[in-house]
Each structure stands twice: as structure tokens, then as C-alpha cells.
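Report on the following structure.
Atoms within each ligand, like the ligands themselves, are counted from 1 in listed order. Any value given below was found using the heavy atoms of this structure, including those in side chains, with hydrogens, waters and symmetry copies removed.
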Amino acid sequence: MQGDGSAATAMLGLDGFVLLAVSDHDGEMEQAVETTATAAFCRGCGVVARLHDRRPTWVRDLPAAGRSVTLVWVKRVWRCMEAACSVSTWTETSPAIRSRAGWTERARAEACRRVGQDGHSVAQVAADFGVGWSTAMAAVRDYGTALVDDPDRLVGVAALGVDETAFLAANATHHTMFVTAMVDVATSRLLDVVPGRSGKALTAWVEAQPEQWRQQVRVAALDPFRGYATALRASLPHATRVLDAFHVTRLGFAAVDDVRRRVQHETTGHRGRRDDPLYRIRRVLRRGADNLSDRAWERLLAGLAAGDDGGQIAASWIAAQDLRLLYRCADRAQAQPRMHRWLVHCADSDVPELHRLARTIDSWRPELLAYFDTGGISNGRTEAVNLLIKKIKRIGHGFRNFHNYRLRLLLHCGVDWHNHRPTPLRGGLSR
Ligand SMILES: [Zn+2]
């Protein structure tokens with residue numbers, strides 16, 4: 001089929017090119033194109049050049065109407081006719097299709113968007129475009145780095161959330177590797193990730209931000225890790241430090257888990273088995289009491305009646321529920337005495353795990369109660385962190401390279417794709 005001028009070229013939609021012809025090859029579309037540059041001047045002497053030759057080059061482009069597309073760019077080879085000029089011939093170039101590239105720049109930008117915004121794997125996108133994994137990853141790097149490095153991305157953070165998260169699970173050659181993640185609590189936007197889970201890593205990141213940025217951060221929400229608290233006190237001294245409600249609640253349920261495992265072992269002499277009454281209610285024990293159905297209540301009570309000799313699990317379960325309900329208090333005036341009673345109650349119990357939990361909570365008392373001074377700021381954070389962890393598990397599978405991991409995480413959770421079109425880095429583009 002021959003292209004019919006402007007309509008066909010409009011369908012092509014590639015600036016500086018016109019469509020010459022379309023053909024079908026085994027269900028894939030081949031589109032012959034040429035540039036609109038019908039005249040050229042010698043870069044050496046400025047004289048009008050003469051068309052010397054035509055040389056086709058094949059590149060992958062965006063799919064059209066659900067079919068793979070290959071462009072055949074019929075390149076012009078120009079010749080300078082000026083005898084005194086040292087330039088002889090040259091081949092035309094275009095920013096839309098870089099020299100020696102296997103695909104168009106708009107295809108590379110789309111590959112970046114699919115990996116970043118859609119969270120598709122690099123392997124999947126590479127297969128769809130018919131290029132290799134490293135070629136696709138290079139496109140993600142070239143187009144993604146500019147988005148991630150955009151300083152506007154970090155603007156206007158009033159509440160900073162800090163959390164540790166696993167980057168790489170342990171295997172035979174290394175321990176579980178952790179990263180520290182910084183989140184804008186208000187928007188659930190991932191700001192950055194840095195290797196390690198240390199106060200030092202956090203301090204270095206915060207101190208690398210402009211003074212004005214640091215002044216704007218009024219609240220810092222964190223998980224109960226002393227290193228982060230110390231780092232935030234030093235690097236953001238004016239910000240109110242708040243313990244994240246999600247993590248506090250989790251500490252309470254972790255204590256229930258510990259008690260259940262110990263009681264189970266003491267009474268049965270082995271670790272949890274499928275038919276053990278306590279093992280069977282392990283998940284129900286981790287849920288909020290107000291989320292239990294009638295049936296779940298029945299299972300819970302039956303499991304405790306059968307396995308919780310001495311009532312230690314029940315005691316820790318009530319303590320975990322009460323700790324969780326502390327966040328329902330209207331204000332600090334209500335929360336403070338309630339927290340005090342909770343601490344006394346735990347300390348007076350005969351459950352060692354509750355003693356330990358009470359000591360931990362007591363050591364975080366100012367940061368926990370600060371929740372009530374900040375309008376419950378860390379509520380939104382739970383979602384941000386959960387979202388982040390899900391994304392990490394889904395797209396972070398099998399990562400070895402921290403820089404790729406950071407780039408993909410930020411492209412997925414830290415870039416507002418509605419405000420950004422992928423544009424290439426200025427300067428050196430790799431293939
Ligand atoms: Zn010349």
C-alpha cells in the first residue's frame with residue numbers, strides 16, 4: 001500500500017518524517033519513512049549538497065493498532081560537490097532515531113513509562129519491543145533518570161516518613177539487605193531510598209537537602225528504630241518526631257505472636273503444627289477485635305480455651321488490642337492517662353513478653369504521644385508504607401543492582417506521571 005501524503009503521515013505522528021509505504025510481514029507492520037529534509041548544506045563549507053545515495057535502516061517503533069511496527073528509514077546520503085572542501089559524503093541524522101539505535105526514541109520513552117508508571121518488568125517490555133533486556137534497561141535509565149533527578153519532585157514536604165525495608169532477601173552469600181525509605185506522608189509519594197538501615201544513612205540524605213527544604217519539614221514519622229530517632233533529632237531538630245501508628249500496633253501483635261509460640265512450645269513440646277489449636281488461630285490473633293466476624297470470634301475463643309492454659313495469650317491479646325485502641329483517643333489529655341494505665345497493667349502482668357513490650361513503648365512515650373499533637377498525621381502513612389512494600393515485592397523481585405532498584409522504585413512510587421512526559425537526559429544518551 002502506498003502512503004497517501006498528509007493523512008498517512010499524520011498517522012505516523014513522528015516529527016520530521018513522512019510515511020512512504022506500509023507493508024505486512026508475518027503479521028507485523030513495516031512502515032517505510034523518510035525525513036522532510038529534502039535539502040542539505042555541507043557542514044564544512046556551507047554549499048548546497050547533492051543527494052548521493054539512499055540507505056535503509058530498520059528500527060522498532062511503537063506498536064500501531066496492536067501490531068508490532070518496524071520503521072524502514074530510507075536515509076539520505078549527501079555529498080558535498082565543492083572540490084576544495086574536505087567533507088565528501090555524510091548520512092542524515094534525526095533526534096527521533098539515534099544513530100545505531102535499534103528503536104525510535106519515542107519507543108524508548110514509552111518503554112520507560114511502562115516500566116515506571118505501569119510497573120511492568122523490563123523483560124516483558126523488552127520482549128514486547130523485540131529488543132534485549134539491557135537495551136530496554138538503558139532506555140529506562142536514559143529517560144527515567146531525568147524524572148527521578150528532577151528537584152521539583154521533592155518540593156513541599158511537610159511531613160517526612162522514614163522506614164526500613166528489605167531490598168534483597170538473604171541467601172547463601174549475603175544477609176538480608178535493607179534500605180531506608182523516605183516518604184512524603186501527605187501524598188504517599190516515595191522521595192528516595194538509600195542503602196542500609198542506619199541513622200547515618202538517613203542523616204546523610206537529609207543533610208544533602210537544601211536548608212529551605214529541611215525547614216519546611218514540620219513532622220517526621222518513623223518506625224521504632226533508635227538510630228532513625230537520633231538522626232532526625234540531629235538533622236531536623238525543629239520537626240516533631242512521631243512514632244508511626246502502624247508500627248506501634250504491629251509491635252503489640254508481635255508480642256502476642258511471641259507469647260503464643262512460647263506457650264505452644266511449653267505445653268506441646270514442639271513448634272506449631274497444623275492441628276495445634278493455638279497454631280490454627282495464629283492469624284486471627286493478629287487481627288483487630290473490631291474486624292472479627294462472629295465465626296472468627298468463635299474460633300478465637302475455642303482456640304484459647306483449648307490451648308491457652310494460664311491465660312497468658314489472652315492477656316497479651318487484650319494488651320495488643322488496647323495498645324491499638326490508644327489511637328482512638330481524641331487528644332493527648334485522653335491518651336496520656338490511658339497509656340499510663342496500659343503500661344502499669346503490662347508491668348503488673350505475669351507475661352515476660354508484655355514486660356518487654358511495655359519497656360519498649362515506655363521508651364518511646366514522647367514520640368508516641370506526639371501523634372496527638374500532629375492531627376494524626378501518621379495515619380496516611382500506613383497506606384504509603386504498605387503500598388511501598390507491595391511494590392517492592394512485586395517489581396523488586398530478583399534485584400541485584402541497587403541503582404536499578406532505586407530508579408525503578410522511584411519511577412513507580414515517586415514520580416507523578418500525570419505531570420511528566422519522559423524526556424531524555426540532556427547530553428550523552430547511551431544506546
Ligand atoms: Zn563542503
Side-chain angles (χ1 to χ4, degrees), residues 1-25 28-64 68-113 126 129-132 134-147 149-150 421-431:
M1 184 197 86
Q2 290 299 306
D4 60 346
S6 61
T9 294
M11 290 280 287
L12 175 70
L14 190 58
D15 269 355
F17 284 84
V18 292
L19 185 62
L20 301 173
V22 178
S23 54
D24 191 291
H25 291 273
E28 295 195 4
M29 231 189 296
E30 202 170 86
Q31 303 182 339
V33 299
E34 67 176 9
T35 67
T36 52
T38 50
F41 300 90
C42 174
R43 70 176 183 278
C45 64
V47 163
V48 173
R50 176 184 289 182
L51 186 62
H52 171 71
D53 199 2
R54 291 278 200 167
R55 206 168 285 161
T57 179
W58 284 263
V59 289
R60 283 283 188 184
D61 194 22
L62 296 175
S68 297
V69 171
T70 299
L71 297 185
V72 188
W73 177 13
V74 189
K75 285 187 178 181
R76 293 181 178 89
V77 182
W78 298 100
R79 172 179 285 280
C80 178
M81 302 306 288
E82 176 57 52
C85 181
S86 61
V87 176
S88 55
T89 65
W90 67 95
T91 308
E92 67 177 341
T93 59
S94 164
I97 302 167
R98 305 269 163 170
S99 59
R100 288 182 299 278
W103 45 343
T104 60
E105 287 306 305
R106 65 180 180 181
R108 299 179 75 234
E110 171 63 8
C112 176
R113 193 203 60 76
F129 278 101
V131 298
S134 57
T135 301
M137 189 63 219
V140 175
R141 253 196 314 274
D142 287 343
Y143 281 87
T145 304
L147 294 178
D149 287 349
D150 181 359
R421 293 291 311 161
T423 48
L425 274 176
R426 263 185 289 265
L429 276 167
S430 52
R431 278 159 298 111

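The side-chain hydrogen bond (donor to acceptor under 3.5 Å, both in side chains) test applied to Arg79 returns His52, not counting sequence neighbours. The salt bridge (Lys or Arg N to Asp or Glu O under 4.0 Å) check on Arg106 picks up Asp61, with sequence neighbours excluded. The salt bridge (Lys or Arg N to Asp or Glu O under 4.0 Å) check on Glu28 picks up Arg60, with sequence neighbours excluded.
Around the Zn ion (ligand 1), the protein contributes the following N, O or S atoms under 2.8 Å, ordered by chain and number: Cys42 SG, Cys45 SG, Cys80 SG, Cys85 SG.
Between Lys75 and Glu34 there is no salt bridge, since no side-chain N of the basic residue sits under 4.0 Å from a carboxylate O of the acidic one.
Atom SG of Cys80 and atom CH2 of Trp90 lie 5.5 Å apart (nearest 0.5 Å).
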Checklist line | CA sep, side-chain torsions, deciding dist, call: Thr70, Gln31, side-chain hydrogen bond (donor to acceptor under 3.5 Å, both in side chains) | finding: CA-CA 6 Å; Thr70 299; Gln31 303 182 339; over 6 Å; no
